[in-house]
Each structure stands twice: as C-alpha cells, then as structure tokens.
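Numbered from 1 within each chain, the chains take letters A, B, ... in sequence-line order. Just so it is clear, the structure is predicted and the values come from calculations on it, not from any experiment.
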Amino acid sequence: MSGGSYSGFSLFKNALSYHENWQRAWRSPKPKSDYDVIIIGGGGHGLATAYYLAREHGITNVAVIEKGYLGGGNTGRNTTIIRSNYLWDEAAHLYELALKLWEGLSQELNFNVMFSQRGVLNLGHTLQDMRDIERRVNANRLNGIDGEVIGPAEVQKLVPLLDCSPGNRYPVLGASWQPRGGTARHDAVAWGYARAADALGVDLIQQTEVTGIRRENGRVTGVETNAGFIGARKVGCVVAGNSGVLAAMAGLQLPIESHPLQAMVSEPLRPCLDTVVMSNAVHGYISQSDKGDLVIGAGIDHYTGYGQRGSFHVVEHTMQAICELFPAFSRVRMNRQWGGIVDTCPDACPIISKTPVQGLYFNCGWGTGGFKATPGSGYVFADTVAHDRPHPLAEAFSIDRFYSGALIDEHGAAGVAH
Amino acid sequence: MLQIKCPYCQELREEDEFSYGGEAHIERPANPEACSDEEWGAYLFFRKNPRGVHHEMWNHAAGCRRYFNVTRNTVTYEILESYPMGEKPAVLAAGPGERN
Ligand SMILES: Cc1cc2nc3c(=O)[nH]c(=O)nc-3n(C[C@H](O)[C@H](O)[C@H](O)COP(=O)(O)OP(=O)(O)OC[C@H]3O[C@@H](n4cnc5c(N)ncnc54)[C@H](O)[C@@H]3O)c2cc1C
Ligand SMILES: [Zn+2]
C-alpha cells in the first residue's frame, strides 16, 4: 500500500520537509506467477479497467502490464477534449456515462484530474454543417445530454478572438454548444487511476512488453513477456494503436487500422481562450491549457503507420485553419509537436468485446477520440471482463457488428479528430 | 512527408500529390451473394494493419490520377518499391499485425 491520502493538511505537512518526503504514488512490484486478470496496456483505459475491476467487482488479483511507462501512449499525447454529444443512442449513452464519471472523478480517486467543464463548441461553416449540428443537438437532448444550437453572435460572445465576421474564408454560421464538456489533465487521469488501483492491490508492471498470448484448447492461459511467462485466467487487451499487433498474437484479425495523429502546443500565453473550439469542416481544434499554452490538434495521416510521427502537410493544414479562425494567433510560436498512433474503426466507434478465444477480451478502436471516454470505457470493460458477457452499454460495440452490419456511424460527431 | 515514386509518371514526388488508397491486393468476392456474413464482413472491414512491411494502394491525385501499389514499412515509413496495378510485389509483406 502506498498509504496516505492527499489533502490540504498533507500539503502543509510536507511543506515543512521541503516536499522531499512525499509517499510514492504506487508500488513497483515484481510480477507474480499468475493473476485472475491481466490487463495489457497501462494507458488511461487499461488503468481505469483495473481500478473498476478491483473497486466494483472485488477482483484485486490483477496486473496491468505496460511496455513503456504508465500513460506514455495516446493518453499522454492527446488534446484532452471531453464531451458526450454523439449522434446515435449507443454512442451517446456510452460517452455520457463517461462524462458523469468525470464529474466526480477527482473526489473518487483523491487525485486532482483537473477536469474543467469549460464547454465545447463545434463550429458550423456551411448550411449543411448547421443542419447536421441541429440534428445532432436534437438527438442529444432526447438522450438527456446537454446541448444547444447557438448563432454567430453568441459564438462571438463566448470566444471574442474567433473571427466571426461575415464574408471571411470560413464563415461562422453557428455552433453546437455543450456546456458540460471541457478538458482534463491527461497524465493526471493515468496517475489517478494508477494510484487508486494500486491502493486496492492491483500490480502495475511497467517496462514489460507482452510478446505473446498463450492459449490452450481455445482458452487463454496467460501472456508471454520479455520478463517471462505470466499466467492469467482472463486477459483484457487495451493497447490502442497496437491492437492489431496483439490480436495477431492470439491468431485474430481486427477491423482496425493504425494511423498517426498529431498535435502541438504553443508557447504559454496569458488567458485568452476559456472554452474548447472545434471545427469539423476546417479540421482543427483548440483550447488553452491551465499553463497557458494553446493546445492544437490536427487530423490523421491517411496512410497506416506505427512511427508515432506524421506528415508535415497535415499540421500545416491545421495551422492554416487555426490562423484563419483566430487571426490573432498567427504570430504565436509553437513549442512542441508530436504524434500518437490511433486505432481507427470503419464506423468511428470503439470495439468492446469478447473474442473467439475464451477469457480474452479487447477494448480498442477508440481512434482519435477515446480520452473523453476513459472512465466509462474502464467501467463497462471491467464489468464485461468480470462477468464474461458484455455490459449492457457495451453490447452494441461487440466485434460482431462488422459481420451483422449493425455499424454505429459516428463519422459526423467524431469526424474531427479529438 | 513521404516521397513516393509513381510507376506511371516515373517521378519521385511529394506525398501531398497523392492520396492513400488502403491495403492492396484485396479481391472483391466474385459472387457476393454467395458469401457468408463472415466472408463479406472480412472483405469489407478487416485489414492486415501490420507493424512492418505493408502493400498498399496510392492514387497519383495531382498527377496522372492513376492508382498504383507501394510496399512501405509502417514503422520506419521507408518505401521499398512502387509497382503498377495488376503486378505482384517483389518485396514480401508482414502477416496480419505482424512485426518485421
Ligand atoms: C494527438 C492526439 C490527440 C487526441 N485528442 C483527443 C481528444 O482531444 N479527446 C479525446 O477524447 N481523445 C483524443 N485522442 C484519442 C485518445 O488519446 C485515445 O483514444 C485514448 O487516450 C486511448 O487510451 P488508451 O488507454 O486506450 O491507449 P494508450 O494511452 O495509448 O495506452 C495503450 C498502452 O498500451 C501499451 N502497449 C502497447 N503494446 C503493448 C505490449 N505489447 N505490451 C505491453 N503494453 C503495450 C502502450 O505502451 C500504451 O501505454 C487523441 C489522440 C492523439 C494521438
Ligand atoms: Zn503518376
């Protein structure tokens, strides 16, 4: 046990010893020879899954196996936009479960995930954009999800720096507005779940790569790693861009392709943007972090790739769009740019599913927009693994939909990478 | 930015002259009506997505506007060859999800 909860008092106490004696946030255990459940992938989704397995289902003999460091994948590379305004019922309910969990997450984990409900705007630049926005907002409201369609005057009031003048290159005709949406601190989400899972007895095993999935008579029996074999009765695979690689280890194929997705941050500025602004049509999305840097996301590279970097013309295009929308940002200098590997599905929805291998489960395909779903994804996946049947909210996201044809087409709501 | 050689134009050009066409050498079932749901789903949606050598289609969109094939390493992004439609690759690809 790492012991000790974070509080105003602990901050004061540790200040007296120059913050040199803070307890470690989690242990670094040697792997046991076997576990009830192994989760492959120590990103937000994998850590949340382990936490809810322990917390909701009392399954604590669990290991999370991560080839790098916790949160070093897409969790630590994303632009942290959180919202639940998806079009179709199945997706809307799943993302809304996540949003509800976000609302209490810092309290529940005793870790400040810096969830900030600063609102999310999706801009409409054409008549068709506005029709799609109206349809989506109406669908959201029928599902009990907050949302409004607002006109250019209201958009301008919310975002004074946005160029809403008529006749500009990308005229702003209006937007959808989800006030409960916002951002959170990406690393803190991984760390918060990691610390809480560790406290419940979950072993977090870093710097250990899964290299094989051992099966006997159609049942999973454990995983091969570069530190040797580790047995398990159940294995949950949550490795985002590497899902296809892990699936192949179990002799399976997925309807997933891995693409580079890029983002960048600027030098820190004074507060100038207090909401999240996204535009499907020009493909850019932007917010300002608490540190002051502008956080800007680009589109995916259309080719498949695992190189964790993307092509220059993709970021160039995004910067052009951002400068058109926010002329005042044209002289801001960019500090850093990077790429992550996203696992895209044909219908822009995730796969949360059992597999033909008994005891092996996959949670993947979140593509460009899974950060917002982290708590909900972990919650329903833990339930699915614990009971060996899909959680009711996960049922529609089974891999079978690619055979039955019951796809959940969220390209409209997920059309911009986020 | 990739630099891609179009086998028709015989020129090395920048990536943004081209558009990506997905995995190469996928054959449409000759008689879709006779396919099981599994076969049809596999044809439509399931892809090799290897971590390593991959055969893929590109279209020379701002050039001759023709499709051709490329063999590319999806980790290093090195392009190993490009060849016209209908021809077989000289460099062998990785299996599904496989590394090489
Ligand atoms: C640039 C960018 C911007 C984005 N912006 C947003 C956004 O604004 N909003 C949003 O909702 N989503 C966004 N996303 C998507 C979001 O980041 C992902 O959907 C989400 O973080 C996936 O979480 P995860 O835990 O499943 O994956 P990851 O955090 O990638 O975790 C998977 C882990 O598995 C590990 N792993 C892989 N293979 C193995 C192996 N063989 N053995 C052991 N471990 C292994 C990896 O090292 C990694 O740590 C963005 C993504 C990117 C790249
Ligand atoms: Zn050509």
Side-chain angles (χ1 to χ4, degrees), chain A residues 209 211-213 237 239 241-260 262 299-317 339 341-347 349 351 356 362 364-365 398-407, chain B residues 1-4 13-24 26 29 32 35-62 67-80 82 93-100:
Chain A
E209 179 169 357
T211 53
I213 296 178
C237 195
V239 295
N242 282 295
S243 297
V245 179
L246 271 289
M249 290 179 195
L252 306 171
Q253 203 170 349
L254 295 171
I256 282 184
E257 289 190 302
S258 300
H259 296 271
Q262 300 176 81
I300 62 168
D301 279 286
H302 291 285
Y303 55 79
T304 61
Y306 290 86
Q308 298 210 115
R309 61 184 191 275
S311 289
F312 181 72
H313 68 96
V314 175
V315 278
E316 190 181 28
H317 174 81
I341 300 306
V342 297
D343 41 341
T344 61
C345 249
D347 59 355
C349 271
I351 294 170
F362 266 80
C364 57
S398 150
I399 200 163
D400 296 339
R401 73 180 187 272
F402 298 97
Y403 301 122
S404 71
L407 303 193
Chain B
M1 177 86 72
L2 306 176
Q3 297 215 308
I4 301 170
R13 311 292 295 201
E14 292 200 339
E15 174 194 331
D16 51 0
E17 276 195 17
F18 300 87
S19 62
Y20 183 65
E23 185 181 321
I26 296 175
C35 283
S36 66
D37 288 352
E38 279 66 28
E39 285 163 344
W40 188 243
Y43 160 69
L44 281 182
F45 300 122
F46 287 70
R47 296 294 176 260
K48 294 202 183 85
N49 195 29
R51 195 185 165 100
V53 177
H54 187 222
H55 302 307
E56 58 200 27
M57 294 185 291
W58 287 81
N59 179 277
H60 195 181
Y67 274 98
F68 58 95
N69 299 308
V70 164
T71 305
R72 185 177 58 93
N73 185 310
T74 62
V75 181
T76 61
Y77 297 170
E78 186 191 356
I79 292 179
L80 302 161
S82 40
E98 194 181 295
R99 288 161 184 243
N100 66 2

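Between A:H317 and A:V314 there is no side-chain heavy-atom pair separated by less than 4.5 Å.
In this structure, chain B has a heavy atom under 4.5 Å from the side chain of A:D301, while its backbone stays farther away. Interface residue A:I256: backbone and side-chain heavy atoms are both found under 4.5 Å from chain B. Neither the backbone nor the side chain of B:S36 comes within contact range of chain A; no heavy atoms are under 4.5 Å apart.
Ring geometry for B:F46 against A:Y403 counts as parallel: the plane angle stays under 30°, on a 0 to 90° scale with 60° as the upper cut.
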Exercise. So B:W58 and B:Y20, ring pair (Phe, Tyr, Trp, His ring centres under 6.0 Å) or not? Walk me through it.
Worked result: CA-CA 5 Å; B:W58 287 81; B:Y20 183 65; 5.2 Å; yes
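Side chain to side chain, A:T304 and A:H259 fail the donor-acceptor criterion of an N or O pair below 3.5 Å.
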